[in-house]
Protein chains: 2
Amino acid sequence: MSNLELKVLDQDAEAVACCSPMVREPLDEEAAADLAKMFKALADPVRLRLLSLIASHEGGEACVCDLTGPFDVSQPTISHHLKVLREAGLVGSERRGTWVYYWVLPAALAKLSSLLQAPAGASAGAAR
Amino acid sequence: MSNLELKVLDQDAEAVACCSPMVREPLDEEAAADLAKMFKALADPVRLRLLSLIASHEGGEACVCDLTGPFDVSQPTISHHLKVLREAGLVGSERRGTWVYYWVLPAALAKLSSLLQAPAGASAGAAR
DNA sequence: TCCTTGTTTCGACGTCTGTCGATACAGCGA
DNA sequence: TCGCTGTATCGACAGACGTCGAAACAAGGA
């Protein structure tokens with residue numbers, strides 16, 4: 001198979017990738033537990049859609065009342081999912097008068113994004 | 001947060017990505033369900049460490065025998081987690097003689113990474 | 001003040017998930 | 001061929017998770 005070549009390419013690219021902690025060195029136990037909490041918050045279709053709804057909403061923030069409509073689940077369930085996202089540090093929230101607004105915390109997403117950065121141009125059908 | 005800016009700049013070259021960041025437009029139901037499966041595979045400390053062990057292993061691939069040592073859990077449990085990673089499309093595997101080798105599929109990681117990319121300035125009000 | 005609307009919390013329920021030991025399967029070497 | 005080592009599957013179990021309806025809390029208006 002081409003696995004031999006594969007690994008050589010991977011190794012090559014790894015030298016170039018400067019910001020990919022997970023690929024560069026094994027995660028220690030504590031870091032893994034910490035990161036797993038964030039990924040767990042993303043590991044639900046409703047929460048993923050909530051996050052993208054918030055992030056792509058005009059002004060970068062959304063009222064809860066904007067978020068309940070698009071889903072089939074009950075409003076308390078939405079509230080629960082928002083709480084999970086908030087406690088994972090992925091979103092912030094604030095009450096302003098009658099409504100509660102949520103916004104994405106870009107630093108948290110960036111942290112996960114950089115962690116997952118894989119050597120570009122490596123195997124597995126990656127064009128390039 | 002200079003860290004964030006740095007990150008975004010670095011990923012400039014990675015516009016290769018297949019998906020636009022979820023901050024640009026809301027995920028549809030189907031895409032969210034699909035992505036949630038991958039994030040679910042990452043949502044466990046043992047699997048995160050397994051993935052980073054594999055990715056950072058010499059040659060970009062690792063034998064199962066290299067992966068059972070660092071963990072407190074049993075060998076069947078490791079095997080189970082590897083299966084989850086494989087079925088999520090995050091790693092590939094192959095038996096070569098006595099041993100089974102696993103390697104990371106960079107395209108999958110890149111897909112998730114690009115999805116989580118946050119626009120540098122967007123909702124920077126997060127300083128709030 | 002009371003009522004209405006928006007949001008969160010509570011308690012309960014069924015399902016999914018991580019873990020184990022026991023066991024089956026796959027190659028290699030004697 | 002047999003036995004040994006490496007890996008995967010099976011069956012079971014406790015705990016975590018997503019969901020709901022009911023109820024509590026918060027803010028504004030009549």
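A note on names: the letters A, B, ... follow the listed sequences, proteins ahead of strands, and every chain is numbered from 1.
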*Please state how far atom CZ in A:Arg96 lies from atom C1' in C:dG6, giving the value in whole angstrom units.*
15 Å
*Counting any heavy atom closer than 4.0 Å, what does A:Tyr102 reach on the DNA or RNA strands: base, sugar-phosphate only, or nothing?*
sugar-phosphate
*Between which nucleotides of DNA chain D, 5' to 3', does chain A make heavy-atom contacts below 4.0 Å?*
D:dC17 to D:dG28
*Provide, to the nearest angstrom, the distance between the CG atom belonging to B:Leu50 and the C1' atom belonging to C:dG18.*
13 Å
_Per A:Ser79 side chain, nearest of listed nucleotides C:dG21, C:dT8, C:dG18_ = C:dT8
*asked:* Could you see if A:Phe71 belongs to whatever hydrophobic cluster contains A:Val104? Use Ile, Leu, Val, Met, Phe, Trp, Tyr and a side-chain cutoff under 4.5 Å.
replied: yes
*Name the nucleic acid region contacted by B:Arg86, choosing base, sugar-phosphate or nothing; use a 4.0 angstrom heavy-atom cut-off, strictly under.*
nothing
*Can you figure out which of C:dT8, C:dC20, C:dT19 approaches the side chain of B:Ser74 most closely?*
C:dC20
*Hey, does A:Leu48 have a side-chain heavy atom less than 4.5 Å from the side chain of A:Leu42?*
yes
_Approximate separation, where rounding is to 0.5 Å, of B:Arg86 CZ and B:Tyr102 OH_ = 4.0 Å
_Without decimals, in angstroms, what is the distance between A:Glu94 CD and C:dT8 P?_
13 Å
_Please say yes or no: joined through hydrophobic side-chain contacts below 4.5 Å, possibly via intermediate residues, are B:Trp103 and B:Val84 part of one cluster?_
no
*Rounded to whole angstroms, how far apart are CG on A:Leu67 and C1' on C:dG6?*
13 Å
*Can you check the B:Gln75 CD to C:dT23 C1' distance for me, whole Å?*
12 Å
*If you look at every strand shown and take non-hydrogen atoms under 4.0 Å, does B:Thr77 touch a base, only sugar-phosphate, or nothing?*
base
*asked:* For residues B:Val46 and A:Leu116: do they belong to one hydrophobic cluster (side chain heavy atoms under 4.5 Å, members Ile, Leu, Val, Met, Phe, Trp, Tyr)?
replied: yes
*B:Lys37 NZ to C:dT17 P, straight-line distance once rounded to whole Å*: 11 Å
*Between C:dT19 atom P and B:Ile78 atom CD1, what is the distance in whole Å?*
8 Å
*Closest-nucleotide ordering on DNA chain D, the 5'-leading residue of A:Arg95 and A:His80*: A:His80
*Can you name the closest pair of heavy atoms from A:His81 and A:Asp44 and give their distance?*
CE1-OD1, 3.8 Å
*Name the nucleic acid region contacted by A:Thr98, choosing base, sugar-phosphate or nothing; use a 4.0 angstrom heavy-atom cut-off, strictly under.*
sugar-phosphate
*Nearest-Å distance for atom pair CZ/P, residues B:Phe71 and C:dT19*: 10 Å
_Please determine whether the number of non-hydrogen atoms from other residues, nucleotides or ligands lying under 6.0 Å from atom CD of B:Glu29 exceeds 12._
no
*Which residue lies toward the 5' end of DNA chain D, A:Arg47 or B:Leu82, if each is placed at its nearest nucleotide?*
B:Leu82
